[in-house]
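Taking it in order: structure first as structure tokens, then the write-up.
Quick caveat: nothing in here was measured; it's all calculated off a predicted structure. FYI, side chains are in, hydrogens and waters are out, and symmetry mates aren't considered; it's all heavy atoms of this structure. Residue numbers start from 1 in every chain, and the chains themselves are labelled A, B, ... in the order their sequence lines are given, proteins ahead of strands.
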Amino acid sequence: MYGSYKIMRMSHLFVPTLKEEPAEAVITSHKLMIRAALIRKLAAGLYSYLPLGLKVFKKVENIIREEMDKAGAQEFSLPILTPAELWQETQRWDVFGPELMRIRDRQDHDFALGPTHEEVFTDIVRQEISSYKQLPVNFYQIKTKFRDEIRPRFGVMRCREFTMKDAYSFDIDEKGLDRSYKAMRKAYENIFKRCGLNTVIVQADVGAMGGTQSEEFMVVSDVGEEVLVLCPSCGYAANLEKAESRDGTRPAKSEKIAKMAEVDTPDVKTIEDLTGFFKTAPGKFIKTIICLSDGNPIAVLARGDIEINETKLKNAVQSRQLELADEKTIEKVTKAPVGFAGPVGLKNIMIYADESVKGIVNGITGANKKDRHLKNVNLDRDYKVDKFIDVRKAAEGDLCAKCSKKLSFKRGIEVGHIFKLGLKYTKSMDVKFLDKDQKEKLPIMGCYGIGVDRTVAAIIEQSSDQDGIIWPITVAPFEIIIIALNVNEKKVKDISEKLYHNLSRSFQVLFEDRDLSPGFKFKDADLIGCPIKIIISEKNLQNDQVEVKTRRTRKVESVPLKDLETKIKELIDNEYKSFQV
RNA sequence: CGGGAUGUGGCGCAGCUUGGUUUAGCGCGCUUGCCUUGGGAGCAAGAGGUCGCGGGUUCGAGUCCCGCCAUCCCGACCA
């Protein structure tokens, strides 16, 4: 439990709850955050926190802070406004593109509103750290970030202005980075457990930043923006970008290799067209995609029934920028209009192929001529592949690459991301320290982020019912709500006041003291979702009792006044226990 | 940026197809009074809207046309 709480009465607190669902919200957490008066929208992707929302937000923040400190990280506060020069040093002034919010001052100096703070922290290390004796360090802050999102979405889930806890570790060597990374991984597990969140840790692609390892903390949810590939059998977990998988289809019956032949296929272009035309399963086709890798055309083959994972492809061909080729390029490379590309006779271009192509016997593919396809095409006899790569996009029905059991697919909300960054920033910003062996070296970095707003939303996604939010006690705006049923009854009013003052000494108590109908107050209380409700009515007071009801279980109990404090303490202690780390 | 939808008192919506019975309406909320107190009470009386903005058509536009803006959804995008 943290700190002493200011006295709070519903009659005083600004909690403009809504009976009706706001039209602009689609997902549960967004609807409830508005209805329970946690947030209000200012503009697309910009939200104001109201007093109740802020209380929750601060609790989450505080849990993060405590666990970060416990893990040995040190809190900073860096400016949001950051000079362009710093971003130019690492090329990110350009790389970040339009997502970076830019601003110019009256002297015409360029600045960015920080979307993340690698450069600024690295700059501090560059200036202040010169010896291995000062390392390792892990610096963090909990700060407002700005990203000009192409599409803000789902309330606080994807915003243009949001709060992120970002941490950066600097180590002497790989071993040290491993230690820092593991410490953060553990801290994250603690943080999410304490927030009452069930998370799954998935492997993620390291992306263009060239790190070595990256994992995401995901909250499984249908409204998640990422697809997770999970193996229920061995525990393998990765996001779709990263996921490896194996073919789950039965191998085709062995077939005699037949003679290659050209077929007239007027206007038959897509795999769908082709399966109809040839009356064959999509697995029979050799899909040929022409891409531009850093401006150079390459051909990528895959079996007709699988999709290509662009991230895997990008990594496999070591491309910085990869895109589908435009029509002109395709016509130039294949000498045919779009839709008739094939590997046979394709020249002056690297031909990559997914492993899935290996098993195709007597395949069908484009003839590199308008309205013509080839059938009975076979690897090595009819065409060559320069390099086999794994670009299979995992799909329903695929098997786990590790244990060959069937994979399961779920969606998830990314609440945290940990990352072994390597030397990317220390190198480009020329950060050096003198090691024990008297040699100059680059510190090796890790970075670790948590979306604070998103974490709050995810908690609600995971914990609510038809009546409203069910807060885990660790992040609840108040631990207890005392409802005085009829404040016009002197006895009810007096005893409620007394209990409120007494309990406020040990707990965070919200006092529902408004002169409203009981139903109204119950509904509001459920919406707001405080874990424990104490109901004081004239009826029960006749027996010197009050009612205690828990939000989660809806269990009600009549408790004699004299036992109340003990009972409440017991209940609350129990609640906290289930979120202990 | 492409596709779709929406914009009418604080909130949720109807009215628009077929322009004039509309003085723009309903529910919630709000104000005042009475009444009521175990699951968003009741009665009565009120306040509150240049119908997103601009232009056009018309004798007449919330309603039709054009343009713009905003919001939401899908997609693209997202170290």
Side-chain angles (χ1 to χ4, degrees), chain A residues 16-27 30-31 34-35 37 40-46 87 90-92 94-100 115-119 145 147-155 157-160 162 164 166 168 204-212 214 216 223 225-226 239 241 310-311 314-315 320-321 323-324 414 417-422 424-425 428 445-449 451 466-468 483-489 492-493 512 514-528 533 535-541 546-547 549 554 556 558:
Chain A
T17 55
L18 264 34
K19 189 151 89 175
E20 280 169 303
E21 288 195 344
E24 70 191 32
V26 182
I27 65 169
H30 189 196
K31 285 178 187 167
I34 295 170
R35 286 194 54 212
R40 286 292 184 265
K41 185 174 75 177
L42 213 214
L46 300 173
W87 297 92
T90 59
Q91 313 293 319
R92 285 166 111 191
D94 300 317
V95 172
F96 239 105
E99 200 169 310
L100 187 67
T116 171
H117 277 78
E118 281 82 0
E119 281 83 352
K145 308 281 180 194
R147 290 186 191 177
D148 196 353
E149 288 288 346
I150 220 162
R151 177 142 101 95
R153 223 194 299 226
F154 297 154
M157 206 69 96
R158 187 170 212 83
C159 274
R160 292 190 288 178
F162 59 99
M164 182 161 97
D166 50 327
Y168 308 86
D205 182 64
V206 291
M209 285 320 194
T212 51
S214 168
E216 293 171 337
V223 302
E225 293 182 288
E226 260 189 70
N239 67 19
E241 267 191 355
E310 275 192 47
T311 307
K314 201 169 158 181
N315 290 338
R320 288 193 59 214
Q321 214 200 345
E323 57 198 337
L324 282 176
E414 180 191 347
H417 197 165
I418 56 176
F419 207 108
K420 288 186 184 171
L421 262 186
K424 157 95 183 164
Y425 295 94
S428 59
M445 278 177 79
C447 75
Y448 319 92
Q466 277 159 334
D467 289 313
I483 303 179
L485 265 201
N486 184 353
V487 287
N488 297 317
E489 292 289 339
V492 170
K493 171 83 171 157
E512 172 56 278
R514 294 178 295 180
D515 185 12
L516 293 168
S517 71
F520 197 99
K521 295 199 270 200
F522 286 138
K523 289 287 184 192
D524 254 5
D526 285 348
L527 221 204
I528 290 167
K533 193 155 49 183
I535 302 152
I536 296 149
S537 67
E538 204 187 357
K539 192 178 73 192
N540 281 306
L541 283 182
V546 295
E547 250 170 67
K549 190 168 180 180
R554 299 193 174 244
V556 199
S558 289

Report which part of the nucleic acid [X] touches: base, sugar-phosphate, or nothing (heavy-atom distance under 4.0 Å, all strands).
X        : value
A:Arg35  : base
A:Asp467 : nothing
A:Ser214 : nothing

Is the shortest distance from a Lys or Arg side-chain nitrogen in A:Asp205 or A:Lys314 to a carboxylate oxygen in the other one below 4.0 Å?
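A:Lys314 and A:Asp205: not salt-bridged.
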
Do the charged groups of A:Glu118 and A:Lys424 touch, with an N to O distance under 4.0 Å?
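Salt bridge between A:Glu118 and A:Lys424, a charged N being under 4.0 Å from a carboxylate O: no.
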
Given [options], which nucleotide is nearest the side-chain atoms of [X]?
X        : options                : value
A:Ser537 : B:rG40, B:rG38, B:rA79 : B:rG38
A:Ser517 : B:rA79, B:rA41, B:rG38 : B:rA41
A:Asp524 : B:rG38, B:rA79, B:rG40 : B:rG40

Distance between P atoms of B:rG42 and B:rC59 (Å, rounded)
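B:rG42 and B:rC59 have their P atoms separated by 50 Å.
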
Please measure how far the C1' atom in B:rA24 lies from the corresponding atom in B:rG19, and state the result in whole Å.
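Roughly 14 Å separates the two C1' atoms.
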
Select from A:Leu18 and A:Glu241 the residue whose nearest nucleotide in RNA chain B is closer to the 5' end of that strand.
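Result: A:Leu18.
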
Between A:Leu516 and A:Met164, just flag the one whose closest nucleotide in RNA chain B comes earlier from the 5' side.
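Per heavy-atom nearest nucleotide, the more 5' residue is A:Leu516.
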
Could you state the [atom1]-[atom2] distance from [X] to [N], rounded to the nearest angstrom?
X        : N      : atom1 : atom2 : answer
A:Leu100 : B:rA79 : CG    : P     : 14 Å
A:Asp205 : B:rC77 : CG    : P     : 14 Å
A:Glu512 : B:rG39 : CD    : P     : 15 Å

Hunt down the Watson-Crick or G-U wobble partner of B:rG75, both distances under 3.5 Å, from any strand shown, or write none.
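Pair assignment: B:rG75 / B:rC1.
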
Can you name the atoms? Protein N/O to nucleotides 72-74 of chain B N/O, anything below 3.5 Å, with the distance.
{"residue": "B:rC74", "atom": "OP2", "partner": "A:Arg151", "partner atom": "NH1", "Å": "3.3"}
{"residue": "B:rC74", "atom": "OP2", "partner": "A:Arg151", "partner atom": "NH2", "Å": "2.6"}

Do [X] side-chain and [N] base share a donor-acceptor contact under 3.5 Å?
X        : N      : result
A:Lys31  : B:rG12 : no
A:Asn540 : B:rG38 : yes
A:Asn486 : B:rG38 : no
A:Glu547 : B:rG38 : yes

Show me the protein contacts with nucleotides 24-32 of chain B, counting only N or O atoms at under 3.5 Å.
{"residue": "B:rG27", "atom": "N2", "partner": "A:Glu20", "partner atom": "OE1", "Å": "2.9"}

Have A:Glu538 and A:Asn486 got a donor and an acceptor in their side chains that come within less than 3.5 Å?
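No, no side-chain donor-acceptor contact under 3.5 Å.
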
Counting N and O atoms only, with roles assigned by atom type, does the side chain of A:Arg160 sit under 3.5 Å from a partner on the main chain of A:Leu46, one being a donor and the other an acceptor?
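Judged by distance alone, no pair lies under 3.5 Å.
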
